[in-house]
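Have a look at the structure below, then the notes.
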Amino acid sequence: MSTRKFPAGPFSHPTTPEWAENLVEAIANTCAAEGFAPVPRQAVLEGLAPALGQGEAKRVIERRRDGRFLLPTAYHVEQRGTDGALLVLKVDLHGAATLPWVINDRTRSAWLHPSGENQERLEDLVEQQQLVAAWTVGVERAKTARRALASTAAPEEKDAALAAVAVAEKELARAQEELKACERALGGRRPLPVVRAITQDGVPMAALTTEPVSAAMAAEIQRYAVDVLRRRARQRSYDLAESLVQEGQRDSTVVVLQRTPVVDGDGDVRYVWRGQHATGANRSDARLEIFGLSAQQSLTGVPQSVLRLPGEEENRRLVVRGLGEILRRISALLNAEYAAPDRDEDGRAQRAVRIAQVSSRVVIGAKRPERLEESLRQLNVNEHLRGQLDYEDMDRSLGLWSTLVKAYQAAGLLGDLLAREVAQGRMPAGELDEDAVADALVGARALDELAVLLTPGDEVSAMTLRDVAVRCATVMLFPPVPPRPQNLAPRAAMPTGRYWPVVRAALQEASWGQVNGSTAKRRTEIWAAVTAQHFLRPGPLAAAERLFGKPEVQFGVRPDARSLVSLVTACRQGDDAAWEILVRRHLLPGLISGAEPFVAPNEGSFQSADRKGERRAPANSVQALVNAWTNPPENVTRDLLIAFAVAVLRAPDSPARDGLAPGTFWAPDAHGDPREGVLADKEWFDTLFPQTSVRRTRRPQPSSADSTSSAATDSGEDTVELAEEVPEPALARMTRLRAELASLVASSTVNATAVAEEINQLLETVEGAVRAREASGAPEEPAEVQKLYMREFAGIKADAGKIGPLLDRAALAVMSL
């Protein structure tokens with residue numbers, strides 16, 4: 001730490017040790033009086049006090065008889081009256097003191113789940129980055145040595161220098177290829193770091209901590225977070241940095257103190273405390289850019305060459321690590337530059353003077369510190385869902401998902417719903433760690449937390465955990481609604497149970513009776529975004545279009561009680577219903593987000609060079625796969641279907657092998673064996689399962705006569721055929737037909753879409769044939785042939801004309817349903 005007397009100016013210097021201790025006492029006493037858990041002492045001394053603006057510590061503290069406290073006007077409570085309540089200190093911080101927070105819901109889709117496998121892949125990536133950097137330096141040194149050779153040097157020396165350059169360039173190229181492979185293994189993303197409330201003597205405090213990592217890992221995570229944040233911010237209609245230079249920062253942002261344990265090369269662990277922007281992360285990054293720093297440098301250490309003071313000897317091996325020393329040096333440099341009579345109007349000091357100090361709300365206390373991260377995430381979600389800088393589609397859906405999970409928690413229904421519907425009542429809701437499960441569902445923890453929901457005896461693997469996460473997302477977005485009571489008055493409100501109102505309030509939807517296609521589309525997009533995050537290459541939201549409809553929204557989706565292994569076994573035994581459930585509820589995410597997606601959006605050009613297969617509605621692709629079980633196309637067997645299903649489930653975890661890229665597999669043959677050399681992709685899928693216009697088959701409905709009591713087993717023959725049919729009770733008929741209605745509506749939608757696509761293809765074929773005839777100069781078809789086509793077209797048009805009146809009659813009839 002430098003002891004030099006620095007010039008005064010608009011850029012503040014760190015708080016003195018005496019006032020830092022006074023601030024620790026004031027925060028602890030105020031939190032105790034208000035009933036909040038405080039921040040740790042080291043967080044204040046190393047992360048907050050050095051960052052305070054000029055005179056801020058003295059301004060916010062008052063002396064009372066029983067000690068020092070914060071002034072009542074210096075703090076307030078965010079989210080008062082909730083478990084997520086936060087006590088925040090309103091102060092001005094040094095403009096370069098804080099960092100963008102990595103946990104930003106506006107960039108959530110750019111991160112992977114923090115599983116052990118992903119962490120290992122990140123370590124390999126960072127090691128490869130260091131190797132590329134080393135060989136880049138090696139190439140430059142070899143070239144410099146070659147240029148330094150005198151023209152009179154011996155031929156052997158020149159050859160050796162050329163050989164050294166060639167070797168270095170070859171090694172650099174090899175290292176760069178391996179780096180690209182590491183990037184592909186992560187899908188171009190990074191695992192989200194796990195943050196938790198810090199504990200002292202087993203008591204949680206109002207600050208966060210990450211897992212210990214190397215300095216290179218910490219720098220890479222921070223660099224990637226800033227890079228993604230900048231890409232998202234390109235949709236701004238103005239330059240944020242220039243706005244801060246001209247006008248300063250007008251609004252206050254929320255800052256949380258976070259500890260990053262960094263493991264040095266010698267194995268020692270040092271604890272880095274920094275303020276992290278839970279809101280206003282873009283402004284934090286823009287301020288650092290104006291000050292001439294990067295976020296990763298501010299976290300792990302700034303090279304002395306960047307902050308070298310006048311008269312100080314340059315040392316390229318020296319790194320400035322402490323926050324107080326970093327801010328002291330940059331303030332000294334900028335104050336000296338600002339005080340110069342001939343200062344540069346475009347220099348750092350002039351550009352940064354309006355953000356020398358910025359208004360902030362620093363979290364110093366929490367009602368439930370173990371939920372601190374979740375409370376801060378909700379502040380971030382709310383700022384972007386209600387603010388000016390909107391989410392992209394994927395991140396907006398993930399933000400709404402985070403809001404929904406919090407709503408289930410707040411209502412006390414998260415454990416109950418998952419224990420009842422996913423675990424099928426095998427465990428009481430009280431045995432679920434709701435906080436851990438919620439974190440896993442929103443991507444803040446690994447999916448291992450969901451292992452408790454697996455069927456007993458199931459292997460805990462990436463495949464089974466991913467599947468149970470999909471089950472959770474499905475039942476939470478489409479919760480089951482009880483059937484309409486028989487004695488309910490016609491115009492009475494439908495009782496929707498305990499879960500549906502939670503979803504309605506969280507997603508701000510209309511009442512149950514007003515559910516429409518827009519509601520179904522919105523929930524389907526959220527489902528697609530949530531399930532896509534379990535894959536390295538998330539598919540587009542449009543690929544799930546119309547895969548869930550109004551019936552699923554109004555009446556919910558109940559997960560099958562069988563485990564994934566049991567469903568596959570049931571399919572092997574010929575269970576038709578099990579196959580449809582397997583496809584629609586378990587294979588679907590992998591069909592959309594696989595390394596080789598089989599279901600794609602119904603959009604784009606037929607001539608696109610990158611497009612595989614046909615342009616078809618996603619619902620048609622799924623329906624074709626479902627129908628192939630009972631009505632198989634040519635060369636399709638049940639062995640092939642089961643082998644394909646198992647391959648789709650396991651593909652996300654398969655490594656590169658036998659000429660295959662990670663996550664891909666060879667197409668199965670009729671016996672279920674892989675056909676080496678034939679890649680299973682959308683082109684293969686569309687060829688094998690062509691577009692269908694056949695409505696999906698319905699499950700046979702058991703009638704009341706199918707269930708026999710144990711007392712009736714001794715009364716003569718097991719079965720008997722009567723002379724006349726037994727009339728079906730009206731109530732049983734009503735229940736059966738209502739259950740069939742949803743299936744018929746869904747299949748009719750698929751059929752109508754398929755017919756429209758076929759007619760469009762017919763039109764394109766006719767027009768293309770006419771253009772080709774005119775270009776070739778060939779004669780027209782004979783009049784008899786044209787009349788035959790016209791007669792057939794008239795028949796098609798007549799049949800199509802019947803659809804409208806029939807739908808009008810159905811619409812009138814459904815009003816009395």
Side-chain angles (χ1 to χ4, degrees), residues 422-424 426 451 453-471 474 531 534 547 557-594 596 598-599 621-654 657 660 663-676 678-681 684-685 687-690 692 694 696-702 706 743:
V422 179
Q424 297 294 323
R426 293 186 299 269
L453 297 173
L454 293 173
T455 303
D458 272 5
E459 177 189 3
V460 179
S461 64
M463 181 181 72
T464 56
L465 291 174
R466 184 168 52 247
D467 182 71
V468 78
V470 171
R471 292 186 188 223
T474 304
T531 56
H534 304 304
L547 295 179
V557 177
R558 288 187 178 275
D560 196 276
R562 291 168 288 188
S563 68
L564 193 60
V565 175
S566 299
L567 276 172
V568 175
T569 302
C571 291
R572 295 184 193 280
Q573 296 171 351
D575 189 332
D576 298 352
W579 173 252
E580 181 164 358
I581 292 170
L582 185 66
V583 172
R584 296 188 182 278
R585 301 291 173 252
H586 303 275
L587 293 188
L588 191 52
L591 295 174
I592 294 174
S593 298
E596 284 288 345
F598 301 97
V599 176
S621 298
V622 176
Q623 188 66 54
L625 185 59
V626 171
N627 290 349
W629 184 263
T630 54
N631 186 23
E634 186 179 359
N635 299 325
V636 174
T637 65
R638 292 192 172 184
D639 289 338
L640 182 149
L641 292 173
I642 293 174
F644 173 67
V646 172
V648 169
L649 292 170
R650 294 177 177 172
D653 313 307
S654 62
R657 66 195 189 284
L660 286 170
T664 62
F665 55 92
W666 298 128
D669 60 16
H671 303 289
D673 300 322
R675 298 167 58 192
E676 189 168 348
V678 180
L679 180 66
D681 59 7
W684 168 85
F685 180 90
T687 301
L688 204 63
F689 307 104
T692 178
V694 181
R696 64 180 182 182
T697 56
R698 303 191 306 270
R699 299 185 195 177
Q701 298 293 325
D706 291 337
S743 174

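Please read all numbers here as calculations on a predicted model, not as lab measurements.
- We find the CG-CG distance between Leu587 and Leu582 to be 4.5 Å, quoted to the nearest 0.5 Å.
- The aromatic rings of Phe644 and Phe598 sit perpendicular to each other, their planes meeting at more than 60°, with 30° as the lower class boundary.
- The two residues Ala624 and Pro690 make their nearest non-hydrogen contact at CB-O, 3.6 Å.
- The side-chain heavy atoms of Leu679 and Trp684, taken from C-beta on, include no pair separated by under 4.5 Å.
- Put simply, the side chain of Ser621 never gets that close to the backbone of Val599: no donor and acceptor are under 3.5 Å apart.
- Between Trp666 and Glu676, the shortest heavy-atom distance links the atoms NE1-CG, 3.8 Å.
- Checking side-chain atoms of Thr531 against main-chain N and O of Val470 turns up no donor-acceptor pair under 3.5 Å.
- The shortest side-chain heavy-atom distance between Leu641 and Leu625 falls under the 4.5 Å cut-off.
- Proximity of Gln623 to Phe689: side-chain heavy atoms (C-beta onward) are nowhere separated by under 4.5 Å.
- Here the closest heavy-atom approach between residue Ser654 and residue Ala651 is recorded as OG-O, 2.8 Å.
- Residues Leu640 and Asn635 share a closest heavy-atom pair of CD1-O, 3.9 Å.
- Expressed to the nearest 0.5 Å, how far CG of Asp576 lies from CH2 of Trp629 amounts to 7.5 Å.
- Side-chain atoms of Asn627 never come within 3.5 Å of backbone atoms of Asn631 as a donor-acceptor pair (strictly under, hydrogens ignored).
- Considering only heavy atoms from C-beta on, Arg466 comes within 4.5 Å of Pro652 through its side chain.
- Within the 4.5 Å cutoff, no side-chain heavy atoms of Arg585 are placed close to those of Leu567.
- Between Thr630 atom OG1 and Arg638 atom CZ the span is 7.5 Å, to the nearest 0.5 Å.
- Here Asp467 contributes atom CG and Leu453 contributes atom CG; the two are 11.5 Å apart, rounded to the nearest 0.5 Å.
- The CG atom of Leu591 sits 11.5 Å away from atom CZ of Arg584, with the distance rounded to the nearest 0.5 Å.
- The minimum heavy-atom distance linking Trp579 with Ala645 is given by the pair CZ3-CB, 4.0 Å.
- We find the CG-CG distance between Leu465 and Asp458 to be 10.0 Å, quoted to the nearest 0.5 Å.
- Closest approach of Arg572 and Val646 over heavy atoms only: NH2-CG2, 4.0 Å.
- Remark: side-chain polar atoms of Arg471 are paired, donor with acceptor, to backbone N or O of Asp560 under 3.5 angstrom.
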